[in-house]
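A short worksheet on the structure shown next.
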2 protein chains.
Amino acid sequence: MLFTHMDEQDSQQRLTDILKAAGDPTRRAILTLLAQHGPLRVTDIAARFDISLNSVSKHIKVLEGAGLVTRRTEWREHMIELRVEELAHVDRWFRDLRSIWALRLEALDHLLTQETDP
Amino acid sequence: MLFTHMDEQDSQQRLTDILKAAGDPTRRAILTLLAQHGPLRVTDIAARFDISLNSVSKHIKVLEGAGLVTRRTEWREHMIELRVEELAHVDRWFRDLRSIWALRLEALDHLLTQETDP
DNA sequence: CTATCGTTCACCCAAATGGTTGACTAATAT
DNA sequence: ATATTAGTCAACCATTTGGGTGAACGATAG
């Protein structure tokens, strides 16, 4: 099944997943690490934190679920790679929100000028 | 105490609060509503959702905690107002992350050209 | 004075979250 | 053949989260 059309439902879900994933400090630190060093193995990532490897593995799965990272499984090593492009979903939502906001202010302004100068 | 200098700690906390707050669909819907209609009372907001007033009140408190909305208490009515500017914190983090990413790629590229043409 | 309105507060509940440990699979090294 | 390495899965635990209810409180309306 091709994703020719992402409906509002899915889009909201994607956004929720991304924001929730990015809402955790450890996960943001992982993203930063990947931005700095490029693709890394799960173990390499875990070495930077003093939580268990298992815990890191779970965080990575969350990030993967949100589409913020991808996994290339090469033999027994899993290379985790950042996908910065996905942040665009959040950018888009921000842009829309600000635009709705701006439109209202504009309409309000229009209304006021009409009233004071009919 | 004046906030002349927001340390890394606080900044991370702010970011976490904002992303967590925005990570909930109901709360995002509240933000959209406020963008469209301007300041609204708690009750007006609650009327748009089929969850209890109390639940909405809690959501608003979360948004307030994240600085995404402010409350002007006029007599017994609490006017809730959107603060779009706060989204800039997230923008900034995204920008930083992308910049770290871009810098690494640039360095990598530099390294490769040096190697092939010493 | 009493009723009603707008909100928060204090609990209660189920589900999700972030962490742990221990067992398991599969690949590599000795 | 055995030990080590890389990673996941499953179970468990404490805390947080999103929801609900009922009481309380201050202000305005009758």
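Computed over heavy atoms, backbone and side chain alike; hydrogens, waters and symmetry mates excluded. By convention in this document, chain letters (A, B, ...) are assigned in the order of the sequence lines, proteins followed by strands, and residues within each chain are numbered from 1.
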Does [X] have any side-chain contact (heavy atoms from CB on, under 4.5 Å) partners at least two apart in sequence or in another chain, and if so, which?
X: B:Ile51; result: B:Thr26, B:Phe49, B:Ser55, B:Val56, B:His59
X: A:Val62; result: A:Ala21, A:Arg27
X: B:Arg95; result: B:Arg92
X: B:Gln13; result: B:Thr16, B:Asp17

Numerically ordered, the residues 41-53 of chain B set in heavy-atom contact under 4.0 Å with DNA chain D is B:Ile51, B:Ser52
For the pair made of [atom1] in [X] and [atom2] in [N], what is the distance, rounded to whole Å?
X: B:His59; N: C:dT7; atom1: NE2; atom2: P; value: 17 Å
X: B:Leu63; N: D:dG18; atom1: CG; atom2: C1'; value: 13 Å
X: A:Ile60; N: D:dA6; atom1: CD1; atom2: C1'; value: 12 Å

Could you write out each protein N or O paired with an N or O of nucleotides 26-30 of chain C at a distance under 3.5 Å?
| unit_1 | atom_1 | unit_2 | atom_2 | d |
| --- | --- | --- | --- | --- |
| C:dA27 | N3 | A:Arg76 | NH1 | 3.1 |

side-chain contact (heavy atoms from CB on, under 4.5 Å) between A:Ile80 and A:Leu40, worked out
CA-CA 5 Å; A:Ile80 310 298; A:Leu40 289 175; 5.7 Å; no
Pairwise distance [atom1]([X]) to [atom2]([Y]) - rounded to 0.5 angstrom:
X: A:Ile100; Y: A:Leu105; atom1: CD1; atom2: CG; answer: 12.0 Å
X: B:Phe94; Y: A:Phe94; atom1: CZ; atom2: CZ; answer: 6.0 Å
X: A:Leu19; Y: B:Ile18; atom1: CG; atom2: CD1; answer: 11.0 Å
X: A:Thr70; Y: A:Arg72; atom1: OG1; atom2: CZ; answer: 7.5 Å

Note: for A:Met79 and B:Ser55 on DNA chain D, the residue whose nearest nucleotide lies more 5' is A:Met79
When pairs are called at under 3.5 Å and a stem needs at least three consecutive Watson-Crick or G-U pairs, the stems of DNA chain D are C:1-30 with D:1-30
Tell me if a side-chain donor or acceptor on B:Arg14 pairs with a main-chain N or O of B:Ala66 at a distance below 3.5 Å. yes
| request: Establish whether A:Leu63 and A:Val84 are linked, either directly or via other cluster members, by ILVMFWY side-chain heavy-atom contacts under 4.5 Å. | output: yes
Expected list for residues 18-40 of chain B near DNA chain C, using heavy atoms below 4.0 Å, is none
For A:Asp91, the side chain to side chain donor-acceptor pair (under 3.5 Å) test, sequence neighbours excluded, returns B:Arg98
Please tabulate, one pair per line, each protein N/O and nucleotide N/O from nucleotides 9-12 of chain C that are separated by under 3.5 Å, including the distance.
| unit_1 | atom_1 | unit_2 | atom_2 | d |
| --- | --- | --- | --- | --- |
| C:dC9 | OP2 | B:Lys61 | NZ | 3.3 |
| C:dC9 | N4 | B:Asn54 | OD1 | 3.2 |
| C:dC9 | N4 | B:Asn54 | ND2 | 2.7 |

For A:Arg83, the salt bridge (charged side-chain N to carboxylate O under 4.0 Å, His left out) test, sequence neighbours excluded, returns A:Glu85, A:Glu86
Listed pairs under 3.5 Å, donor-acceptor, residues 29-39 of chain A side chains, sequence neighbours left out:
| unit_1 | atom_1 | unit_2 | atom_2 | d |
| --- | --- | --- | --- | --- |
| A:Thr32 | OG1 | A:Arg28 | O | 3.1 |
| A:His37 | ND1 | A:Leu33 | O | 3.2 |

* Asked: Given side chains that start at C-beta, do those of B:Arg41 and B:Met79 come closer than 4.5 Å, heavy atoms only?
  -> yes
